[in-house]
Amino acid sequence: MKNERWTEPVEVNLEANGKSVVAGPFEALTLLTERWPRIRGLSFVKARSACRAALDGRKSPEEARKCFTDAVSEMQKNPH
């Protein structure tokens with residue numbers, strides 16, 4: 001597994017868990033699988049898949065970052 005870092009971390013505000021700073025695909029995948037709210041739309045699924053692919057070397061870390069930021073935006077638009 002690759003544990004590469006993104007060029008710029010992503011700040012995520014999960015109401016129940018407070019703010020988190022996510023620096024790469026491994027941290028993002030951990031957050032998506034263990035601490036993500038119940039709202040799990042298409043962007044969530046794509047982000048989880050992209051992070052796994054980045055860790056396996058099938059996608060770049062930056063592709064995973066883009067998918068992760070999309071999931072964060074989706075979650076913030078639909079917090080409940």
Exercise: identify the closest heavy-atom pair between Leu29 and Cys51
CB-CB, 4.0 Å
Heavy-atom closest pair (Ala54 atom, Ser60 atom, distance to 0.1 Å) is CB-O, 3.9 Å
Heavy-atom pair of closest approach, residues Thr69 and Lys66
OG1-O, 2.9 Å
Salt bridge present between Arg5 and Glu27 (N-O < 4.0 angstrom):
yes
Nearest-0.5 Å distance, CG of residue Leu31 to CZ of residue Arg48
13.0 Å
Which heavy atom in Glu74 sits nearest to a heavy atom in Phe44, and how many Å separate them?
OE1-N, 3.5 Å
Ignoring hydrogens, what is the shortest heavy-atom contact between Trp6 and Glu62? Give both atom names and the distance.
CA-OE2, 3.5 Å
Looking at OG1 of Thr33 and CZ of Arg52, how far apart are the two atoms once the value is rounded to the nearest 0.5 Å?
7.5 Å
Please lay out, stage by stage, how Lys59 and Cys67 fare under the test side chain to side chain contact (heavy atoms under 4.5 Å, CB included).
CA-CA 11 Å; Lys59 282 193 182 286; Cys67 292; 5.8 Å; no
Which distance, rounded to the nearest 0.5 Å, do you find between the NZ of Lys46 and the CD of Glu63?
13.0 Å
Sorted by chain and residue number, the salt bridge (charged side-chain N to carboxylate O under 4.0 Å, His left out) partners of Arg40 (sequence neighbours excluded) come out as none
For Glu8, the salt bridge (charged side-chain N to carboxylate O under 4.0 Å, His left out) test, sequence neighbours excluded, returns none
Looking only at heavy atoms, the pair that brings Met75 and Leu14 closest together is CE-CD2, 3.4 Å
